[in-house]
Every structure is written in C-alpha cells, then in structure tokens.
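As structure tokens, the structure follows; a few thoughts come after it.
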Amino acid sequence: MMDHMTGTREEWLKARLDLLQDEKELTRRSDELARRRQELPWVRVDKEYLFDTDEGSASLADLFRGRSQLLVYHFMFGPDYTAGCPSCSSIADGFNGITTHLENHDVAFSAISRAPLAKLQAFKHRMGWSFPWASSFSSDFNRDFSVWFTAEQQREGSIEYNFRREAPSPEALAGQTMQEWKLRGSEGPVAQIAAMTGTDVATYTRDRPGLSAFVLNEGTIYHTYSSYARGLDGIWGMYQWLDRAPMGRNENGIWWRLHDEYGQG
C-alpha cells in the first residue's frame, strides 16, 4: 500500500501550476547551459586516430561521414568484457535510431569502444542496434579523452576522470553508487554490474562512460565538449521517463539489465 497525499482536482491544478513555473525556469536554465556549451573554445585535434568500423579502417575525420559535426558516445566495452556495460547499453537503447535524424541536421554520430570490432558487432547484433560503432582497440583515443585508464593509474591515484583526480585504489573498487568509486571490498552495485560484463571491478572501472563532441572546420578537427558520469543523465532516456513517473526513479542499487535479460532471475 502506497501512502501519498491525495486531493481534489482543483488542489492538484494549483500545485501543478506552481510546479510549472519551476519547470519553465529549469528549461530556460537548460537553454542557457546549451548556449554556454556551444561557446566553449575549440581545441585543435592534431593527433591521428585510426578506428576499425563496419566499412573498414577509418580516421576520426572519416567518422564525420561528410558532416561538419560529430557526437561520440564513449561506450564502456573493454577488450576483456564479455558483454557491453549494462548502463551504457540502456543509454544506447535510448539513442539507437536517432542517427538518421542527426545526420539530416549535419551531425554524425558514433559510439566508440576499446573492444575489438568483432566483439562490438556481435553484441550490436544481439541487441538489435543500428547506430555506427567503432573500435578504438589499436588507438589512444579512449586514453586521450579520459575514458580509459591503466591498472597502474588506479593503484597510484593518477586517474583524472570527470575533471577531478581519484584516490589510489590498491584494492578492487566496489562503489557505493555508480558515481562514487570507493573502496568497499568486493560487494556493492559496481561489483554487480562488473559481473554482468564478465569482468572484475578493477578491470570494469578502467573503462568509463562519456560523451564528446567534435567539429570539422576547413579540414581541421576540433574537440568542443566532453561530459562524464552524471553529466550523461540527460541522454539516459529511461531516467527522463522515470523522473516523470509517480514514484520517480525508486531504485535501490542496480536494477536494470540488458534488455534481453529481464525475467531471467
């Protein structure tokens, strides 16, 4: 039995109109933040990166596919994973299908992961996805854009993710939440989700999620924006819906699964 305040339609409408003012303010604030993202200085990308794609070897410029802008989702799928990260996969469920709309607005899209292309292709087929997905297996791309780190960096505390340095992690990370990489032994949500990828926590958390944007201007590529961790909430489609459901996110630990694994216990 859920215990929640009830009221008349008139009382609901008054409360809803009060909330509407705050929602409008949030929308205006979001518009302002979008403008500020677009005003960030562009940083020239001089390093050459090569990726494996369905069409063969590709440079970063090739991923633009004739467009002037490129959005990249840094999908957590390391070479040692047996399956893609369930969190990234649920985000991908939300953005799968938007590629054609972006391309018709002069924006290319690609997910990029460190796993070999064959692994990505097999998992993509299993999930029924259609978005472009490139492998950076032989590239420094993930390291350079702060979404992959070494075991040595974990131990020494030299990981800089989400624009801040993390503490040393001499033991496996457990994580009180997906945003907090704390030393908690071998139990916890991050350990659960690592197991879903067929890895241990330390291996799983050396890859990280993120979003990066690039522009191709007169033959030169520039990096324009990156976001990580909860900065990805806005593109995690299921949460935008849950935030509008009567009980909100209503979660206790890791509840989501790969979409073909629900009902398997």
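Just so we're clear, the structure is a prediction, and the values are computed from it rather than from any experiment.
In this structure, Phe51 has its ring center closer than 6.0 angstrom to the ring center of Phe141. Ring centers of Trp129 and Phe123: under 6.0 Å apart, within the cut-off. Aromatic rings from Phe64 and Phe109 are positioned such that their centres are separated by 6.0 Å or more. Taking the six-membered ring for Trp and the full ring otherwise, Trp241 and Trp236 have centroids separated by 6.0 Å or more.
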Notebook entry, point to check: Going through the distances and angles, do Tyr228 and Tyr161 end up as a ring pair (Phe, Tyr, Trp, His ring centres under 6.0 Å)?
Noted result: CA-CA 8 Å; Tyr228 310 96; Tyr161 175 68; 5.3 Å; yes
Item checked: Check against side-chain contact (heavy atoms from CB on, under 4.5 Å), Val190 and Tyr204 -> CA-CA 9 Å; Val190 178; Tyr204 170 71; 4.0 Å; yes
Next item on the list: Walk me through it: do Leu242 and Glu251 pass the test side-chain contact (heavy atoms from CB on, under 4.5 Å)?
Entry: CA-CA 10 Å; Leu242 286 174; Glu251 56 190 359; 5.8 Å; no
Next item on the list: Might you work through the side-chain contact (heavy atoms from CB on, under 4.5 Å) test for Ser57 and Leu50, ending with a clear yes or no?
Entry: CA-CA 7 Å; Ser57 181; Leu50 283 180; 3.9 Å; yes
Note to self: Pair Asp54, Lys124 - check salt bridge (charged side-chain N to carboxylate O under 4.0 Å, His left out), show working.
What the structure shows: CA-CA 11 Å; Asp54 292 344; Lys124 179 178 175 179; 3.7 Å; yes
Checklist line | Steps toward side-chain contact (heavy atoms from CB on, under 4.5 Å) verdict (Val215, Thr220) | finding: CA-CA 8 Å; Val215 67; Thr220 300; over 6 Å; no
Check: Would Arg37 and Glu32 satisfy salt bridge (charged side-chain N to carboxylate O under 4.0 Å, His left out), going step by step from the backbone distance to the final call?
Finding: CA-CA 9 Å; Arg37 289 188 197 105; Glu32 178 187 346; over 6 Å; no
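Counted within 6.0 Å of CZ on Arg36, heavy atoms from surrounding residues, nucleotides or ligands total 12 or fewer; the atom is thus considered open. Around the CD atom of Glu152, the shell of radius 6.0 Å holds no more than 12 heavy atoms that belong to other residues, nucleotides or ligands. Counted within 6.0 Å of CG on Asn104, heavy atoms from surrounding residues, nucleotides or ligands total more than 12; the atom is thus considered enclosed. Counting heavy atoms of neighbouring residues, nucleotides and ligands inside a 6.0 Å radius, atom NZ of Lys14 does not exceed 12 of them. Counted within 6.0 Å of CD on Glu25, heavy atoms from surrounding residues, nucleotides or ligands total more than 12; the atom is thus considered enclosed.
In terms of modelled atom types and a separation under 3.5 Å, the side chain of His223 and the main chain of Tyr225 share a donor-acceptor contact. Between the Arg208 side chain and the Thr205 main chain, a donor and an acceptor come within less than 3.5 Å of each other. Although no hydrogens or angles enter the test, the distance criterion places a donor-acceptor pair under 3.5 Å between the side chain of Ser59 and the main chain of Asp62. Under the 3.5 Å distance criterion, the side-chain polar atoms of Thr203 are left unmatched by any main-chain donor or acceptor of Asp200. Remark: the backbone N or O of Ala202 is paired with a side-chain donor or acceptor of Gln154 at under 3.5 angstrom. Between the Asp31 side chain and the Arg28 main chain, no donor and acceptor come within less than 3.5 Å of each other. Side chain of Lys119 to main chain of Gly84: no donor-acceptor pair is present (N/O by atom type, distance under 3.5 Å, no hydrogens or angles). At least one donor-acceptor pair closer than 3.5 Å links the side chain of Ser135 to the backbone N or O of Phe137. The backbone N or O of Glu103 lies less than 3.5 Å from a partner atom in the side chain of Arg67, making a donor-acceptor pair. A donor-acceptor pair under 3.5 Å is formed between the side chain of Glu11 and the backbone N or O of Thr8.
Here the straight-line distance linking atom CG of Leu63 with atom CG of Leu70 works out to 6.0 Å at 0.5 Å rounding. Note that CD1 of Ile254 and CD1 of Ile193 are 4.5 Å apart. Values are rounded to the nearest 0.5 Å. To the nearest 0.5 Å, the span separating CH2 on Trp12 from CE on Met5 amounts to 12.5 Å. Rounded to the nearest 0.5 angstrom, Ser227 OG and Asn162 CG are separated by 7.0 Å.
A 4.5 Å side-chain heavy-atom check between Thr150 and Ile159 finds every atom pair outside the cut-off. Val45 has its side chain out of reach of Tyr222: every pair of non-hydrogen atoms, C-beta onward, lies at least 4.5 Å apart. Side chains of Asn142 and Ser113 form no contact here, defined as non-hydrogen atoms less than 4.5 Å apart. A heavy-atom distance below 4.5 Å is not found between the side chains of Thr82 and Thr199. With a 4.5 Å cut-off on side-chain heavy atoms, Gln153 and Glu166 do not count as touching. Taking 4.5 Å as the limit, some side-chain heavy atom of Ser158 sits within range of a side-chain heavy atom of Arg165. When side chains are defined from C-beta on, Met76 does not count as touching Val147, because their heavy atoms never get closer than 4.5 Å. Side chains of Thr99 and Leu102 form no contact here, defined as non-hydrogen atoms less than 4.5 Å apart.
In the hydrophobic cluster analysis, where Ile, Leu, Val, Met, Phe, Trp and Tyr join through side-chain heavy atoms closer than 4.5 angstrom, Trp42 is grouped apart from Phe214. Two different hydrophobic clusters hold Leu117 and Phe131 under the rule that ILVMFWY side chains link at heavy-atom gaps under 4.5 Å. Val107 and Val72 fall into different hydrophobic clusters, where Ile, Leu, Val, Met, Phe, Trp and Tyr are joined by side-chain heavy atoms under 4.5 Å apart, directly or via other members. The cluster map of Ile, Leu, Val, Met, Phe, Trp and Tyr, joined by side-chain heavy atoms under 4.5 Å apart, puts Leu120 and Tyr73 in the same cluster.
Ser89 and His259 share no donor-acceptor pair across their side chains, judged by distance under 3.5 Å alone. The closest side-chain donor-acceptor pair between Tyr49 and Asp144 falls under 3.5 angstrom. If you check the side chains of Asn96 and Ser130, you find a donor sitting under 3.5 Å from an acceptor.
Between Arg16 and Glu10 no salt bridge is recorded (no basic side-chain N to carboxylate O distance below 4.0 Å). A salt bridge links Asp233 and Arg230; the closest N-O separation between the charged side-chain nitrogens and carboxylate oxygens is under 4.0 Å.
The minimum heavy-atom distance between His74 and Cys88, with the atom names listed, is O-SG, 4.4 Å. The minimum heavy-atom distance between Leu258 and Ala83, with the atom names listed, is CD1-CB, 4.4 Å.
Between Tyr239 and Trp256, the angle of the ring planes goes over 60°, which puts this pair in the perpendicular group of the 30/60° scheme. In this pair, Phe77 and Tyr81 present their aromatic rings parallel. The plane angle is below 30°, not in the 30 to 60° band.
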